[in-house]
Number of protein chains: 2
Amino acid sequence: MDAKTIYHEILKESNLSATRFRINTLKEIDMAGRPISRNELMEKLGSNTDRVTLYRNLQGLCDAGIIENVDPEGSGYFVMKYGKKAHTQHHLHFECTACKKLYCIHEIVGDISKIPTGFNVKSFYLLAKGTCEACSTKT
Amino acid sequence: MDAKTIYHEILKESNLSATRFRINTLKEIDMAGRPISRNELMEKLGSNTDRVTLYRNLQGLCDAGIIENVDPEGSGYFVMKYGKKAHTQHHLHFECTACKKLYCIHEIVGDISKIPTGFNVKSFYLLAKGTCEACSTKT
DNA sequence: ATGTTTTTTGCAACATAGTTGCATTTTCTA
DNA sequence: TAGAAAATGCAACTATGTTGCAAAAAACAT
Ligand SMILES: [Mn+2]
Ligand SMILES: [Mn+2]
Ligand SMILES: [Zn+2]
Ligand SMILES: [Zn+2]
């Protein structure tokens with residue numbers, strides 16, 4: 001039996017069983033410190049990780065409000081919802097097409113209040129793509 | 001041999017062969033008047049349309065600057081780049097999760113100039129999701 | 001702690017989306 | 001209208017995402 005971690009607490013508060021799979025998943029997402037993709041998560045958890053279980057758990061953790069998918073179009077980028085940096089206000093995410101990292105750009109925020117009436121807004125995303133500094137300066 | 005259309009002209013200007021497939025594709029995109037999805041395009045062109053050829057042509061037409069993919073994450077939404085309504089400035093696109101239509105919301109625009117230096121921006125998108133008026137008021 | 005119930009996991013099978021290579025057909029050019 | 005160049009259609013493949021179910025793990029009550 002493993003020692004209790006903060007992830008046990010987080011899961012218990014949301015009435016989710018503290019399974020090894022969930023603990024490890026949350027640990028990796030929290031460690032990353034930036035939104036992490038499904039594929040990167042898959043690598044960190046071990047390539048033998050079951051794809052279905054990962055999908056189901058990421059969905060469940062999103063539903064519970066523990067993590068957030070900040071780019072739900074493609075294959076998703078996940079981040080702890082209540083981590084160090086506030087991730088509440090809608091801000092820009094920059095995806096590097098070379099290294100696939102997703103950066104939070106807090107300088108650019110969105111204002112959904114100007115959307116015309118009639119539209120029932122459920123979600124709102126600002127997304128930019130290109131290459132990050134590290135990848136741009138590579139030969 | 002069919003009569004020449006404006007689409008022949010457009011393609012010739014970009015040094016692309018005026019094939020029946022491209023003419024029909026451009027015609028449907030132009031008719032739609034709003035960004036149209038791959039699946040909708042597939043239906044309009046006939047369900048026997050070759051998927052590979054559609055992918056290759058949409059990509060080619062984007063590369064040539066004739067059309068634009070305003071939502072390149074999921075499966076893409078395509079629009080004529082130089083149609084009636086100017087589609088030059090970055091503005092919000094609203095995708096209805098019920099009817100799958102994509103609406104242009106010109107009231108909300110993006111300003112990429114505030115992205116910190118170091119990031120090499122290639123594309124920039126504002127996307128909202130929810131239900132449109134028509135779908136929201138259905139029982 | 002032990003047995004019982006409930007939840008989660010892992011697997012197989014399936015579905016959809018997108019890519020690659022190549023032979024055939026169409027379009028362009030002279 | 002013949003030859004060269006480009007595009008198309010098809011088969012096969014990879015990647016991504018979903019569903020149902022039996023086995024395993026976790027939670028719960030005693
Ligand atoms: Mn962020
Ligand atoms: Mn638009
Ligand atoms: Zn990068
Ligand atoms: Zn709708």
Side-chain angles (χ1 to χ4, degrees), chain A residues 1-5 7-28 36-43 45-64 66-67 69 71-78 95 97 100 129, chain B residues 1-5 7-28 36-43 45-64 66-67 69 71-78 95 97 100 102:
Chain A
M1 179 106 300
D2 292 335
K4 297 269 182 294
T5 66
Y7 307 114
H8 284 83
E9 304 299 324
I10 293 172
L11 289 167
K12 183 153 276 182
E13 275 177 34
S14 293
N15 291 316
L16 290 179
S17 310
T19 67
R20 187 174 302 175
F21 200 107
R22 287 194 184 123
I23 304 289
N24 289 341
T25 302
L26 284 181
K27 201 180 294 182
E28 291 303 340
I36 186 175
S37 71
R38 274 204 181 92
N39 287 340
E40 200 176 346
L41 212 36
M42 199 76 170
E43 283 175 29
L45 291 170
S47 55
N48 55 329
T49 302
D50 184 63
R51 226 170 61 257
V52 179
T53 306
L54 183 57
Y55 273 98
R56 284 198 272 229
N57 274 310
L58 288 174
Q59 186 59 54
L61 292 168
C62 283
D63 291 347
I66 296 171
I67 64 172
N69 183 356
D71 184 12
E73 295 291 278
S75 196
Y77 280 88
F78 302 87
E95 182 184 354
T97 54
K100 309 295 180 194
K129 293 193 175 199
Chain B
M1 180 107 298
D2 291 336
K4 297 269 181 297
T5 67
Y7 307 114
H8 285 83
E9 305 298 325
I10 293 173
L11 290 166
K12 184 155 274 181
E13 275 178 34
S14 293
N15 291 316
L16 290 178
S17 309
T19 67
R20 187 174 303 174
F21 200 107
R22 286 194 185 124
I23 304 288
N24 289 341
T25 303
L26 284 181
K27 201 180 294 182
E28 292 302 342
I36 185 175
S37 71
R38 274 206 182 91
N39 287 341
E40 202 176 344
L41 213 34
M42 198 76 170
E43 282 175 29
L45 291 170
S47 56
N48 55 329
T49 302
D50 185 63
R51 226 169 64 255
V52 178
T53 307
L54 183 57
Y55 272 97
R56 285 198 271 228
N57 274 309
L58 289 173
Q59 185 59 54
L61 292 168
C62 282
D63 291 346
I66 296 171
I67 64 172
N69 183 356
D71 185 13
E73 295 292 278
S75 197
Y77 279 89
F78 302 88
E95 183 184 354
T97 54
K100 309 296 181 195
L102 195 83

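All values below come from the heavy atoms of this structure, side chains included, with hydrogens, waters and symmetry mates left out. Here is the naming used below: chain letters follow the sequence lines, and residue numbers restart at 1 for every chain.
- Using a 4.5 Å cut-off on side-chain heavy atoms (C-beta onward), B:Thr25 and B:Ile67 make no contact.
- When heavy atoms are screened at a 4.0 angstrom cut-off, A:Gly74 is found touching the sugar-phosphate backbone but no base atom.
- Rounded to whole Å, the distance from CG on B:Leu58 to C1' on C:dT19 is 15 Å.
- If you measure from atom CG of B:Leu11 to atom C1' of C:dT26, you get 15 Å, rounded to the nearest angstrom.
- Residues A:Leu61 and A:Leu16 meet the side-chain proximity criterion, which asks for heavy atoms closer than 4.5 Å.
- In this structure, CG of A:Leu54 is placed 16 Å from P of D:dT19, rounded to the nearest angstrom.
- Atom-to-atom, CD of A:Glu43 to P of D:dA15 comes out at 13 Å; the value is rounded to the nearest Å.
- Taking atom OH on B:Tyr55 and atom P on D:dT14, their separation rounds to 18 Å, with Å as the unit.
- Taking 4.5 Å as the limit, some side-chain heavy atom of B:Tyr55 sits within range of a side-chain heavy atom of B:Arg38.
- Of the side-chain N and O atoms in A:Asn48, none sit less than 4.0 angstrom from OP1 or OP2 of C:dG10.
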All N/O contacts under 3.5 Å from nucleotides 7-9 of chain D to the protein, with atom names and distances to one decimal?
unit_1	atom_1	unit_2	atom_2	d
D:dA7	OP1	B:Arg22	NH1	3.2
D:dA7	OP1	B:Arg22	NH2	2.8
D:dT8	OP1	B:Thr19	OG1	2.7
D:dT8	OP2	B:Asn57	OD1	3.2
D:dT8	OP2	B:Asn57	ND2	2.7
D:dG9	O6	B:Arg56	NH2	2.5

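- Listed by chain and residue number, B:Lys129 satisfy the salt bridge (charged side-chain N to carboxylate O under 4.0 Å, His left out) test with B:Glu95 (two or more places apart in sequence, or in another chain).
- D:dT14 atom P lies 15 Å from atom CZ of B:Arg51, rounded to whole Å.
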Run the numbers on A:Asp63 and A:Gln59 for side-chain hydrogen bond (donor to acceptor under 3.5 Å, both in side chains), then give the verdict.
CA-CA 6 Å; A:Asp63 291 347; A:Gln59 186 59 54; 2.9 Å; yes

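- Comparing B:Lys12 and B:Ser75, the nucleotide of DNA chain C nearest to each residue sits closer to the 5' end for B:Ser75.
- Spacing between atom CZ of A:Arg38 and atom C1' of C:dA17 amounts to 15 Å, rounded to whole angstrom units.
- Taking atom CG of residue B:Asn69 and atom C1' of nucleotide C:dA17, one finds them 14 Å apart after rounding to whole Å.
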Dump the intermediate steps for side chain to side chain contact (heavy atoms under 4.5 Å, CB included) on A:Glu40 and A:Phe78, then the final yes or no.
CA-CA 10 Å; A:Glu40 200 176 346; A:Phe78 302 87; over 6 Å; no

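- Here the shortest heavy-atom pairing between A:Leu11 and A:Ser17 reads CD1-O, 4.1 Å.
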